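What you see is a predicted model, and the numbers here were worked out from it, not measured in a lab. As the structure lists them, so they are numbered: ligands from 1, and atoms in each ligand from 1. The analysis underlying the following values was restricted to heavy atoms, covering all of them including side chains, and did not include hydrogens, waters or symmetry mates.
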Amino acid sequence: MKQESQNKREGFSSSIGVIAAVLGSAVGLGNIWKFPYVTGANGGAAFILVYLVCLALVGLPVMLSEHLIGRATKSNAVGAFKKLQPRRPWFLVGGAGVISAFLIMAFYTTVVGWVYAYIFKSASGALLTNKPQQTTQVFNSLISGVAEPLFWQVLVLIVIGIIIMAGVTKGIERVTKFLMPMLFILLVIIDIRSLSLPGASSGLAFLFKPDFSKITVSAILAALGLAFFKLSVGMGAMITYGSYVDKQENLPKMAVKVALSDTLVSLMAGIAIFPAVFAFGFEPKAGPPLLFIIIPTVFNSMPLGRIFMVLFFLLTAFAATGAMLSLLEVPIAYFTEEYQWSRRKATLITIVGIGLLGSTATLSNSVLSNVLIFGKTFFDFFDFATSNVLLPLGGIFIALFAGWQWGYANVKREMTNEGQLRNEGLFKVYIVLVRYLVPIAIAIILLTGLNIIHI
Ligand code: TRP
């Protein structure tokens, strides 16, 4: 099984390329848009601590499991389970992942569309105002439009479609290797500016001084959902990327590196945003629009603000691009390998499918605002159903698979690179986590968060 099909299959060409792609997947709107507003809505520092615990004890083991499953099978999310357990329905976990990719992309591309629009709006000076009411108005008029936000969403889909069609090495790897360092440099510059604002210290206190009375069950569910969303786990994106990773790579080490770097980026995004929130007297719990309303006022107060603002939204677009590539690669790998579609055909069909589904998310701020599913607009429903239900559920099954189904010796062989790495101690900790802690913790948080059980 090991040698088959391995020759023709594309893969990442270097260790740096692997890190860039995997980190490129982790870093995205999750860090710059979601992390700040979810943290704001759930009380700040105490939430961040809960998030870090979820990340380390639950998200990280699931990420490693996905990498192991992917690399061992060199297959897409569905094919991987079929190879390891041909006669059992585990492949449905991969199938749910393919569906999740469409659902996440549906609302993700809506937001990236707004980001694209903001690159141009900031360049034109439309956002250069120190009146928050005015930035609020610019944002509301953008999202409640019809043609304008749809136009940007379609543009986003075309851009990533082109990159994906270029392939794993020439598309994904090449683009993320360029974007990741750029992103880091831009964030450092913007943090320096934000920290030098007059009221910066209350923003920092909000981010780093915990108040544990803010921790509720729904905050814990939100932290878990965010941890999964951030690390891109629970739906097979990391199985797919793992399948492009070389046998020599040290997978546990890579997963830890990625999780740490990703957390650093989230905190840096928090430092860019919260000092400004407090300096300008906003409410930290402004929700999803936080980024689009606050950030422009920060830039407005500084020399060369217009240039920095353009850079900031460009940076956000870069970050989101790497993330979208990993989401898109899940159905692409699935269609090309399970149905033998060409990469071109798979990309075109997937992009059109996402465009149709995604337009309902985009229009949920205007013509579709009255259409509710389980009491939520399309946009909120796609977000909630994936982050708070499908990703955690996927996480449970992936952990159970690695812990109980795949076989102790097989998992160990893959994690130690056939015995070459001396990480048996780590392996034992990992096995205990995926067998017991991960599935039980997710199940409890999920059922309580959804009000199915009460504690
Ligand atoms: N991690 C990305 C972000 O923070 C989003 C993302 C990319 C994702 N691929 C994923 C989320 C796969 C869940 C599953 O923006």
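When side chains are defined from C-beta on, V432 does not count as touching L437, because their heavy atoms never get closer than 4.5 Å. The shortest side-chain heavy-atom distance between T347 and R344 does not fall under the 4.5 Å cut-off.
Near ligand 1, heavy-atom contacts under 4.0 Å come from S25, A26, G28, L29, G30, N31, I104, Y108, F229, K230, S232, M235, A237, A323, S326, L327, L391.
The stretch residues 253-265 participates, sequence neighbours left out, in these side-chain hydrogen bond (donor to acceptor under 3.5 Å, both in side chains) pairs: N31-D262, K230-D262. The side-chain hydrogen bond (donor to acceptor under 3.5 Å, both in side chains) analysis of residues 324-336, with sequence neighbours excluded, yields the pairs S25-S326, Y244-E329, E329-R343, Y334-Y339.
F184 is linked by a ring pair (Phe, Tyr, Trp, His ring centres under 6.0 Å) to nothing, counting only residues two or more places apart in sequence or in another chain.
For the ring pair (Phe, Tyr, Trp, His ring centres under 6.0 Å) criterion with F81, the lone passing option out of F401, F397, F91 is F401.
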